[in-house]
Amino acid sequence: MIRIESVHLENFLSHEKTDVVFKGHTAVIVGPNGAGKSSVLDGILFGLYRETGRNANQDEIIKKGRRFAKVVLRLTDGIRTFEIVRSIGQGASITDLFRVDNVTKARSAKEVSNQVVNLLGLDKDTLTLTLFVVQGNVEDVLEQLDDVFRKVVQVEKLEKLRSSDGPIKEVMDEVKEKLTRIETDLKLIKEFEEDVKKLEMTITEKASLRASLTDTLTKLRDKLTQLEQSLLALEAKREAYIKLNQRRKDLEREIQDLQKFLDVNKRKLTEIPDIRQIDEEIERLDRKIQNKLKFNELLKERERASKLVESLRRELEVALSDLKRKRSLEDSYNNYLKAKTEMSKLEQSYQDYVKLKAQLESKRRDLEEQKKLVEGLTRPNVKDIESELERTKKLRLERQEKIGSLKRGLEDLNDRIRKVSEAQGTCPLCGSPLTEIHKQKLLQELNEQLESVRNALVSMESELKEIERRIRELESAKEVAQAQLHKFLLEVNRLNRLQQEVTSLKGRLEGLEAQAKRYEELKTLLEKLEPSYREYLALSKVDENTIKAKEERLVQEEKRLNELNASIQALSDVSDFDEKDGMRKLEELKSLKAKAVELLELRERVRQKEEELRRKTDELAQVETKLKDLMYDENEYLKVKKELELTRDEVARLEGTLRALEDELSRLETEKRIKTERLNELRRSVNEYDRLAKAYEKLRRLRDVLSENRLQAFLFVSAKEFLERVLNEIANTFDLKYTTLEIAQEVSDSRSKSRKAKLVVYGYTSSGEKIPTSLMSGGERVAVALALRMAFARLLSSNVGFVVLDEPTVFLDEYRKRELLEVIRKATNLVPQIILVTHDSELKDVGDQVISVTNEKGTSSVKVENLDQ
């Protein structure tokens with residue numbers, strides 16, 4: 001999406017040389033009125049379309065005292081960089097340029113503007129009606145929805161429909177083309193009839209051959225079925241033979257392996273030790289080792305128990321002391337809770353009181369400053385300046401007429417002098433004889449008259465220059481006076497609003513003073529009681545149950561200590577036993593037992609192997625008997641298999657021939673069908689000739705008489721559906737309470753005979769309630785209006801990734817300002833770039849970048865602060 005990267009202003013309005021580089025999501029341009037904030041936006045708009053938001057002319061755009069103005073605007077889509085250069089006035093080295101990644105694509109003003117419209121997909125009017133809000137309220141689009149909708153949707157689409165290359169003209173061209181084709185098709189009907197007859201004869205011949213091949217193939221398939229059944233029987237017998245033969249070989253190998261195992265392991269089975277005697281000795285020695293280990297563990301446990309009993313005795317003493325202290329603090333604790341509860345009830349009133357008090361002080365200061373400001377201002381008399389300017393302009397006209405008369409006199413005198421200088425014998429002026437003396441005298445008189453007229457002309461031109469200078473002074477003074485008058489009226493209105501706000505705040509503050517006083521008293525009491533309250537909370541876990549639990553725990557641990565002493569005494573006979581030596585002897589006994597167990601297991605395996613040898617010998621005899629009874633012949637199997645393969649090949653060959661024949665018949669049938677259809681189509685087209693000719697004439701008349709209103713309903717419905725869908729998608733990102741937003745027509749006056757419908761946006765709550773924007777809160781209206789502007793832009797283009805808001809808080813109170821701030825914060829998730837111009841310093845909070853604009857002696861300058869760094 002396209003974002004604004006930077007703008008350079010040179011001699012543009014109040015900016016002499018200004019560079020602004022936009023960073024982050026939200027850039028806030030702040031400064032006092034008249035500092036030149038909005039001029040930055042005018043520069044952006046001028047760079048895009050060579051027009052400003054205030055529709056200023058060339059002399060007004062160029063900074064006073066300068067000969068030219070220049071704007072360089074840089075845009076980016078994240079991959080490419082687009083640079084637009086606009087210049088006006090005398091002395092500018094470059095007029096207009098459009099560059100893409102430093103490559104020039106257009107040079108003239110018109111070509112550059114076309115490139116911008118193609119890049120953004122929006123012209124100036126559409127941009128300012130949607131994403132570029134110039135010096136006005138964001139909510140204006142809700143009141144002007146009819147005009148915006150008509151501008152963005154209906155007119156352009158209607159003109160396109162009625163244009164020379166529109167859809168009606170396309171249909172007319174299509175009908176005319178069909179008429180031309182029908183005239184050609186008349187000549188093709190006989191040729192297609194002959195082709196169809198030839199195809200029918202060929203199809204009959206191919207069908208007869210197909211029947212013969214099909215009969216032969218059926219006989220071969222019957223033979224193939226018989227061979228397949230014979231081969232299946234032989235394959236089953238062959239599979240049984242292979243399995244029995246493989247089983248015979250496996251049994252012979254397994255019998256040989258079993259005999260080897262028995263021969264090797266029978267020799268190992270000698271005398272086996274007495275396992276029961278070994279187990280008794282192991283059990284006796286293991287019991288003694290376990291008793292010694294238990295004895296050692298009991299000694300450690302007795303030491304831990306002794307320490308625990310001592311610790312519990314100390315904890316019980318501390319708990320008894322804490323309980324006594326807690327009881328002495330109960331009254332202070334209860335008084336604290338009562339005061340805290342009462343203070344909580346008064347909290348909101350007190351916060352409102354403090355907030356209102358701060359607001360009142362702020363408004364009082366603002367009021368005093370505004371009074372001083374208004375008292376220091378003088379209401380300028382614009383009418384006197386305008387009157388003097390009119391008189392001076394009339395005087396300039398008189399002087400210009402006199403100068404023209406003098407110039408004509410100079411030309412006449414120069415002409416006379418030339419004629420007299422060239423004359424010979426006869427005076428060209430009066431026709432009398434002309435002597436040399438008379439000629440010189442006449443030339444002297446004419447030159448004196450010429451000098452006199454020249455002096456008068458110089459004097460008159462000097463006087464005219466002075467008059468021109470005075471007119472410029474008066475025009476400049478008029479502009480200054482008009483600006484001062486506008487400022488004076490604005491400041492007076494602001495003074496009146498501040499006086500009303502101060503009076504309102506005083507009344508609200510008086511109603512909260514008693515509650516605020518009680519809140520302060522409670523606050524003092526809580527500060528006094530808080531140490532006792534905190535100490536009580538620290539001791540809150542200590543109570544009679546805690547003491548009782550600790551006493552019971554002490555008794556249990558003392559009892560357990562006595563039990564441990566008794567257990568240790570019972571095992572005193574193993575106190576001198578060496579458990580390491582016992583462990584070594586135990587391992588030797590276990591190793592001896594393991595060897596005995598292995599011999600017993602080996603004896604059992606030998607018995608099992610002998611039994612397995614007998615079974616496999618019997619099975620081998622059975623397998624050999626089955627092989628003799630099977631009577632399988634491998635040569636017979638191979639003979640049947642080869643005959644089956646030859647028959648299959650023949651069937652496949654005939655099937656291929658038949659498929660080719662079927663394909664040929666299918667192709668011929670298709671060709672016949674196509675030619676028949678084409679023949680029928682040609683016949684129908686001939687029949688349709690008169691109908692198409694009449695249709696063409698009707699379309700021509702329809703295009704001529706089509707009314708604009710006939711298409712409005714269609715355009716309204718199609719555009720409205722798209723607009724509503726996009727509006728809801730965008731509005732969902734603002735977390736509004738409305739499940740759906742709808743654009744509908746509302747009749748303005750139901751009592752009037754000529755009722756007029758207008759477009760209105762409604763919001764539907766989750767309960768189904770329908771709320772118009774006029775009844776929504778200020779923040780909701782701002783969110784809906786901002787979403788609606790973005791939806792209009794999306795209707796025409798999804799390429800623009802910036803929103804520009806100029807002084808959106810001009811007519812908002814404090815509450816609605818906060819709502820607007822919240823909407824702007826949420827909009828950063830939807831729009832990559834927001835540029836906001838304001839004189840309200842509170843809006844700095846929403847910016848990643850703050851651009852401060854100041855004006856000193858008529859020249860603006862900027863200071864950029866990037867808050868995300």
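Residues take their numbers from the sequence shown, with the count starting at 1.
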Assess the residue pair Ser852 and Val850 against the criterion (side chain to side chain contact (heavy atoms under 4.5 Å, CB included)); give the C-alpha distance rounded to whole Å, side-chain angles, the decisive distance to 0.1 Å, and a yes or no. CA-CA 6 Å; Ser852 302; Val850 175; 4.1 Å; yes
With salt bridge (charged side-chain N to carboxylate O under 4.0 Å, His left out) as the test, would you mind laying out the steps for Glu281 and Arg284 before giving the verdict? CA-CA 5 Å; Glu281 182 63 21; Arg284 184 191 66 77; 2.6 Å; yes
Note: [X]-[Y] ion pair, threshold 4.0 Å (strictly below):
{"X": "Lys300", "Y": "Glu303", "value": "no"}
{"X": "Lys626", "Y": "Asp629", "value": "no"}
{"X": "Glu361", "Y": "Arg364", "value": "yes"}
{"X": "Arg248", "Y": "Glu619", "value": "no"}
{"X": "Glu239", "Y": "Lys243", "value": "yes"}
{"X": "Arg607", "Y": "Glu604", "value": "yes"}
{"X": "Lys844", "Y": "Glu865", "value": "no"}
{"X": "Arg725", "Y": "Glu729", "value": "yes"}
{"X": "Glu297", "Y": "Arg304", "value": "yes"}

Mark yes or no for whether [X], through its side chain, and [Y], through its backbone, hold a donor-acceptor pair below 3.5 Å.
{"X": "Arg3", "Y": "Asp77", "result": "no"}
{"X": "Asn728", "Y": "Leu741", "result": "yes"}
{"X": "Ser540", "Y": "Leu537", "result": "yes"}

Approximate separation, where rounding is to 0.5 Å, of [X] [atom1] and [Y] [atom2]:
{"X": "Ser328", "Y": "Leu323", "atom1": "OG", "atom2": "CG", "answer": "10.0 Å"}
{"X": "Glu587", "Y": "Leu285", "atom1": "CD", "atom2": "CG", "answer": "10.0 Å"}
{"X": "Leu298", "Y": "Gln569", "atom1": "CG", "atom2": "CD", "answer": "12.0 Å"}
{"X": "Ser504", "Y": "Leu356", "atom1": "OG", "atom2": "CG", "answer": "8.5 Å"}
{"X": "Thr341", "Y": "Tyr336", "atom1": "OG1", "atom2": "OH", "answer": "10.5 Å"}
{"X": "Leu320", "Y": "Glu317", "atom1": "CG", "atom2": "CD", "answer": "8.0 Å"}

Pairing residues for Glu5 by the side chain to side chain donor-acceptor pair (under 3.5 Å) criterion, not counting sequence neighbours: Arg74
Taking salt bridge (charged side-chain N to carboxylate O under 4.0 Å, His left out) as the test, write out the residues that go with [X], two or more places apart.
{"X": "Arg518", "result": "Glu342, Glu521"}
{"X": "Asp250", "result": "Arg253"}
{"X": "Lys550", "result": "Glu315"}
{"X": "Arg584", "result": "Asp581, Glu588"}

Residue pair Leu262, Leu613: steps toward the side chain to side chain contact (heavy atoms under 4.5 Å, CB included) verdict: CA-CA 10 Å; Leu262 292 172; Leu613 179 61; 4.0 Å; yes
Please report the closest heavy-atom contact between [X] and [Y], naming both atoms and the distance.
{"X": "Ala27", "Y": "Ile851", "value": "CB-CD1, 4.4 Å"}
{"X": "Phe295", "Y": "Leu571", "value": "CD1-O, 3.6 Å"}
{"X": "Thr765", "Y": "Thr739", "value": "O-OG1, 3.7 Å"}
{"X": "Gly763", "Y": "Tyr738", "value": "C-CD2, 3.7 Å"}
{"X": "Glu535", "Y": "Arg325", "value": "OE2-NE, 2.9 Å"}
{"X": "Leu244", "Y": "Leu627", "value": "CB-CD2, 3.5 Å"}

Determine, for Tyr762 and Lys770, whether the Lys NZ or Arg CZ falls below 6.0 Å from the six-membered ring centre while staying within 45 degrees of the axis. yes
Under a plain distance cut-off of 3.5 Å, with no hydrogens placed, do [Y] and [X] share a side-chain donor-acceptor pair?
{"X": "Glu634", "Y": "Tyr632", "answer": "yes"}
{"X": "Asn335", "Y": "Ser332", "answer": "no"}
{"X": "Glu742", "Y": "Tyr764", "answer": "yes"}

Is there side-chain contact between [X] and [Y], with heavy atoms separated by less than 4.5 Å?
{"X": "Leu561", "Y": "Glu558", "value": "no"}
{"X": "Ile834", "Y": "Phe802", "value": "no"}
{"X": "Leu805", "Y": "Ile835", "value": "no"}
{"X": "Arg781", "Y": "Val784", "value": "no"}
{"X": "Lys548", "Y": "Glu544", "value": "no"}
{"X": "Met631", "Y": "Lys237", "value": "no"}
{"X": "Thr26", "Y": "Gln849", "value": "no"}
{"X": "Arg302", "Y": "Asn565", "value": "yes"}

Got a sec, which residues hit ring pair (Phe, Tyr, Trp, His ring centres under 6.0 Å) with Tyr350, two or more places apart in sequence or on another chain? Tyr519
Side chain to side chain donor-acceptor pair (under 3.5 Å), that's the test. Do Thr546 and Asp543 meet it? Break it down for me. CA-CA 5 Å; Thr546 305; Asp543 54 16; 2.7 Å; yes
With side chain to side chain contact (heavy atoms under 4.5 Å, CB included) as the criterion, how do Val803 and Gln833 come out once you've worked through the C-alpha distance, each side chain's angles and the decisive distance to 0.1 Å? CA-CA 6 Å; Val803 171; Gln833 184 180 42; over 6 Å; no
Heavy-atom count around [X] [atom1] within 6.0 Å, excluding the residue itself: above 12?
{"X": "Tyr241", "atom1": "OH", "answer": "no"}
{"X": "Lys340", "atom1": "NZ", "answer": "no"}
{"X": "Lys288", "atom1": "NZ", "answer": "no"}

Among Lys355, Gln348, Glu347, which residue satisfies the side-chain hydrogen bond (donor to acceptor under 3.5 Å, both in side chains) criterion with Gln351? Glu347
What verdict does the side chain to side chain contact (heavy atoms under 4.5 Å, CB included) test give for Glu611 and Gln608, after you've listed the backbone C-alpha separation in whole Å, the side-chain angles of each residue and the deciding distance to 0.1 Å? CA-CA 5 Å; Glu611 180 64 28; Gln608 293 174 354; 5.7 Å; no
Determine whether the aromatic ring centres of Tyr333 and Tyr533 lie less than 6.0 Å apart. yes
